[in-house]
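Below, each value reflects all heavy atoms present in this structure, side chains not excepted, and no hydrogens, waters or symmetry copies.
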Amino acid sequence: MIIFVPNEHSEAESRVSATPMSVKKLIKLGYDVTIESQCGQAASFTDTAFANAGARIVDQSTGWSSADIVAKVTPPNSNDVARMKPHSVLVGFVWPAKNSEIVGALAAKNISALAMDCVPRISRAQKLDALSSMANIAGYRAVVESANAFGSFFTGQITAAGKVPPAKVMVIGAGVAGLSAIGTARSLGAIVRAFDTRPAVKDQVKSMGAEFLELIVPDDEGGEGTGGYAKEMSPAFIKAEMELFAQQAREVDIIITTALIPGKPAPKLITAEMVHSMKCGSVIVDLAAEQGGNCELTQPGKKYTTDNGVTIIGYSDLPSRLPTQSSTLYANNIVNLLTDLTPNKDGLIAFNMEDQVVRGTLVTHDGKVTWPPPAITAPPPPKPSSAKAIAKPSQEVKAGWMSNPVISLLVFVSVIAIVFFVGKFLPADFVSHLTVFVLACFIGWQVVWNVTPALHTPLMSVTNAISGIIVIGGIMQMGPTWYSVPSLLAALAVLIATINIAGGFLVTQRMLSMFRKQG
């Protein structure tokens with residue numbers, strides 16, 4: 001099958017859905033790759049680089065007419081659908097909730113559309129999650145844009161000319177974009193505060209060195225929605241939230257908003273009154289501008305300054321402002337998707353409708369609109385009966401012969417007698433060595449006995465250090481007469497420890513090979 005990478009029809013779009021590196025990977029999967037001339041120019045990928053990677057450079061008409069698979073960034077328009085072959089495949093952003101007419105046209109032409117914005121947010125699909133890839137870049141770029149508009153340093157400085165206080169940044173929403181903005185602002189030296197309706201992200205925010213702004217809410221007022229997004233909150237929560245934002249707006253220098261609820265307009269979190277209360281020179285970067293914005297005064301796609309000197313940035317193309325990096329990550333997402341769809345590496349797509357990732361990503365297939373997909377069902381919790389079955393044997397083991405008081409008394413008396421005999425009749429040096437030996441055996445037994453069975457294999461590789469000490473001690477104990485008992489015991493210790501070291505290295509090698517990427 002032939003994959004075609006076209007120029008994006010939007011002049012503001014600088015990204016491209018393939019890179020020379022991704023082309024090589026697609027060819028290894030058995031695909032032929034064609035690239036529209038100059039489509040990667042804005043992202044610093046030349047036609048020569050694509051050609052050297054194995055792609056064919058074609059004109060627009062040839063590419064569209066011969067393509068079995070079209071890989072795009074922006075959603076297709078009616079002209080794109082008209083140029084695609086029936087029974088072909090589209091890979092790219094679709095946004096089916098907003099583009100129902102385009103989705104219907106794709107289904108009418110029997111085009112299978114794989115929407116990169118519909119990839120299920122489950123652990124197995126993280127490598128395909130283009131939304132997270134782009135949100136990561138958007139969060140980083142938001143800080144860069146705010147630094148460009150802000151009239152001072154992010155980090156505090158004390159110079160001969162005077163003291164410069166650090167910038168105070170508030171990030172609303174601690175999703176992928178929010179966490180990226182937090183990390184970037186912190187790395188520049190700013191004081192960062194973050195707010196999110198989901199208490200679960202508190203530890204993530206604090207681990208990045210930011211302060212988490214909390215609200216006291218009822219236990220059932222968690223903000224965790226489906227797919228890792230926030231949900232809509234109650235009026236009482238929103239009132240407390242707005243009071244918090246009003247207070248912070250008067251204190252901070254930069255506000256970065258990332259709050260979005262799937263399928264709904266962006267919630268208005270920064271009112272005009274809050275903007276007017278901010279200091280002159282402050283900056284607001286609204287990452288939700290494309291969905292209407294979190295700030296009442298945001299103008300989508302524009303950057304302007306209010307009457308009181310607050311700069312509001314409502315760019316909706318932040319990932320496209322870092323075209324090389326965003327194209328690389330997006331192309332990798334597409335390669336990972338096609339890798340899963342091409343299990344035989346023969347250049348033929350196989351749609352497994354039983355696969356949750358494939359089913360969730362498919363918007364149209366076999367002439368039908370398949371969006372929205374069925375809800376993903378969580379695996380059932382483990383049965384409590386198994387835990388009880390495991391607990392019983394452990395109790396039986398504990399209730400063994402040691403529970404017999406007569407036997408316990410005999411063992412205790414025997415130990416006392418042995419200790420008395422050793423202390424009374426044997427040399428003092430022997431007693432001290434025996435004490436160390438017994439303690440070492442006891443401590444070693446306890447350490448190994450209390451290790452979880454799953455960690456026994458890594459423990460074997462760690463014991464190389466102990467075995468090395470044994471080898472050195474054994475060598476030092478070897479005397480000139482090899483046939484003496486101490487020399488024989490020392491040689492035996494060296495032999496066993498050497499075997500243990502060799503086995504430890506082999507175990508470690510096998511453990512490391514488990515984490516190496518197989519070619």
Report the C-alpha distance between D196 and V205 in whole Å, list the side-chain angles of each, state the deciding distance to 0.1 Å, and finish with yes or no for side chain to side chain contact (heavy atoms under 4.5 Å, CB included).
CA-CA 10 Å; D196 198 289; V205 170; over 6 Å; no
>> side-chain hydrogen bond (donor to acceptor under 3.5 Å, both in side chains), that's the test. Do D47 and Q38 meet it? Break it down for me.
In response: CA-CA 6 Å; D47 289 350; Q38 304 296 317; 3.2 Å; yes
Report the C-alpha separation of R193 and E251 in whole Å, then their side-chain angles, then the decisive distance to 0.1 Å, and conclude whether the salt bridge (charged side-chain N to carboxylate O under 4.0 Å, His left out) test is met. CA-CA 11 Å; R193 305 165 184 175; E251 298 179 11; 2.9 Å; yes
Using side chain to side chain contact (heavy atoms under 4.5 Å, CB included), reason through I349 and Y31 one step at a time and then give a plain yes or no.
CA-CA 10 Å; I349 286 183; Y31 294 104; 3.3 Å; yes
- Message: Pair E296, T271 - check side-chain hydrogen bond (donor to acceptor under 3.5 Å, both in side chains), show working.
- Response: CA-CA 5 Å; E296 281 186 346; T271 63; 5.1 Å; no
If you apply the rule side chain to side chain contact (heavy atoms under 4.5 Å, CB included), what do you find for N148 with V144, and how did you get there? CA-CA 6 Å; N148 183 53; V144 174; 5.7 Å; no
### Task
Evaluate side chain to side chain contact (heavy atoms under 4.5 Å, CB included) for C295 paired with I312, printing each intermediate quantity in order.
CA-CA 9 Å; C295 177; I312 301 178; 4.2 Å; yes
Using side-chain hydrogen bond (donor to acceptor under 3.5 Å, both in side chains), reason through H365 and S112 one step at a time and then give a plain yes or no. CA-CA 4 Å; H365 185 59; S112 296; 2.8 Å; yes
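With hydrogens and angles ignored, the 3.5 Å screen pairs no side-chain donor or acceptor of N294 with any backbone N or O of L269. Under the 3.5 Å distance criterion, the side-chain polar atoms of N99 are left unmatched by any main-chain donor or acceptor of I102. Panel note: side chain S320, backbone P323; no donor-acceptor pair is recorded below 3.5 Å. A donor-acceptor contact shorter than 3.5 Å is absent between the side chain of N136 and the backbone of S132. For the pair E8 (side chain) and T74 (backbone), a donor-acceptor distance under 3.5 Å is present. Without hydrogens or angle criteria, S326 side chain to P319 main chain gives a donor-acceptor distance under 3.5 Å. A donor-acceptor pair under 3.5 Å links the side-chain atoms of S22 to the main chain of T19, judged by distance alone.
In summary, of the residues considered (V23, I2, I69), a side-chain contact (heavy atoms from CB on, under 4.5 Å) with V33 occurs for V23 alone.
Using a 4.5 Å heavy-atom cutoff, the side chains of I270 and I284 are in contact. Using a 4.5 Å cut-off on side-chain heavy atoms (C-beta onward), L318 and I137 make no contact. A 4.5 Å side-chain heavy-atom check between I255 and V283 finds every atom pair outside the cut-off. The side-chain heavy atoms of L90 and M84, taken from C-beta on, include a pair separated by under 4.5 Å. V73 places none of its side-chain heavy atoms less than 4.5 Å from the side chain of V16. Between P373 and T361 there is no side-chain heavy-atom pair separated by less than 4.5 Å. Residues V363 and C118 are in side-chain contact: their nearest non-hydrogen atoms beyond the backbone lie under 4.5 Å apart. The shortest distance between side-chain heavy atoms of M1 and D32 does not fall below 4.5 Å.
The shortest heavy-atom contact between V5 and A18 is CG2-CB, 3.6 Å. Minimum interatomic distance between T324 and A43 (heavy atoms only, all atoms of both residues): OG1-O, 2.9 Å. The nearest pair of heavy atoms linking A53 to P20 is CB-O, 3.3 Å. In terms of heavy-atom proximity, A266 sits nearest to A259 at CB-O, 4.1 Å.
Under the salt bridge (charged side-chain N to carboxylate O under 4.0 Å, His left out) criterion, K85 pairs with D68, sequence neighbours left out. With sequence neighbours excluded, the residues forming a side-chain hydrogen bond (donor to acceptor under 3.5 Å, both in side chains) with T306 are N308, listed by chain and number. With sequence neighbours excluded, the residues that form a ring-ring contact (aromatic ring centres under 6.0 Å, His included) with W64 are F4. Looking at residues two or more places apart in sequence or on another chain, you find a side-chain contact (heavy atoms from CB on, under 4.5 Å) between A246 and R250, M274. A search for salt bridge (charged side-chain N to carboxylate O under 4.0 Å, His left out) contacts involving E13 returns R15, not counting sequence neighbours. In this structure, the side-chain contact (heavy atoms from CB on, under 4.5 Å) partners of A107, at least two apart in sequence or on a different chain, are T364, V369. Listed by chain and number, the residues in a ring-ring contact (aromatic ring centres under 6.0 Å, His included) with F195 are F245 (sequence neighbours excluded).
Checked for salt-bridge contact, K127 and D340 meet the test: a charged N lies under 4.0 Å from a carboxylate O.
Taken to the nearest 0.5 Å, the OH atom of Y330 stands 5.0 Å off from the CZ atom of F93. Atom CG of L29 sits about 5.5 Å away from atom OG1 of T342, to the nearest 0.5 Å. Within the model, atoms CG of L341 and CG of L362 stand 8.0 Å from one another, a figure rounded to the nearest 0.5 Å. With rounding to the nearest 0.5 Å, the separation of OG in S207 from CD1 in I182 is 9.0 Å. Rounded to the nearest 0.5 angstrom, K206 NZ and F212 CZ are separated by 10.0 Å. Here the straight-line distance linking atom CE of M208 with atom CG of L179 works out to 5.5 Å at 0.5 Å rounding.
Residue pairs meeting the salt bridge (charged side-chain N to carboxylate O under 4.0 Å, His left out) criterion with at least one member in residues 349-374, sequence neighbours excluded, are R124-D355. Sorted by first then second residue, the salt bridge (charged side-chain N to carboxylate O under 4.0 Å, His left out) pairs that include residues 267-293, not counting sequence neighbours, are D253-K279. Evaluation of the salt bridge (charged side-chain N to carboxylate O under 4.0 Å, His left out) test over residues 178-187, restricted to residues two or more places apart or in two chains, returns none. Pairs passing the salt bridge (charged side-chain N to carboxylate O under 4.0 Å, His left out) check and including a residue from residues 128-141, sequence neighbours excluded, read R121-D129, R141-E145.
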Sequence neighbours left out, cut at 3.5 Å: what donor-acceptor pairs do the side chains of residues 154-178 make with other protein atoms?
{"unit_1": "T159", "atom_1": "OG1", "unit_2": "A161", "atom_2": "N", "d": "3.3"}
{"unit_1": "T159", "atom_1": "OG1", "unit_2": "G162", "atom_2": "N", "d": "3.3"}
{"unit_1": "T159", "atom_1": "OG1", "unit_2": "G162", "atom_2": "O", "d": "2.8"}

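Using modelled atom types and a 3.5 Å distance limit, the side chains of T62 and D59 yield a donor-acceptor pair.
Seen from the ring of Y315, R321 counts as a face-on cation partner, given the 6.0 Å and 45° thresholds.
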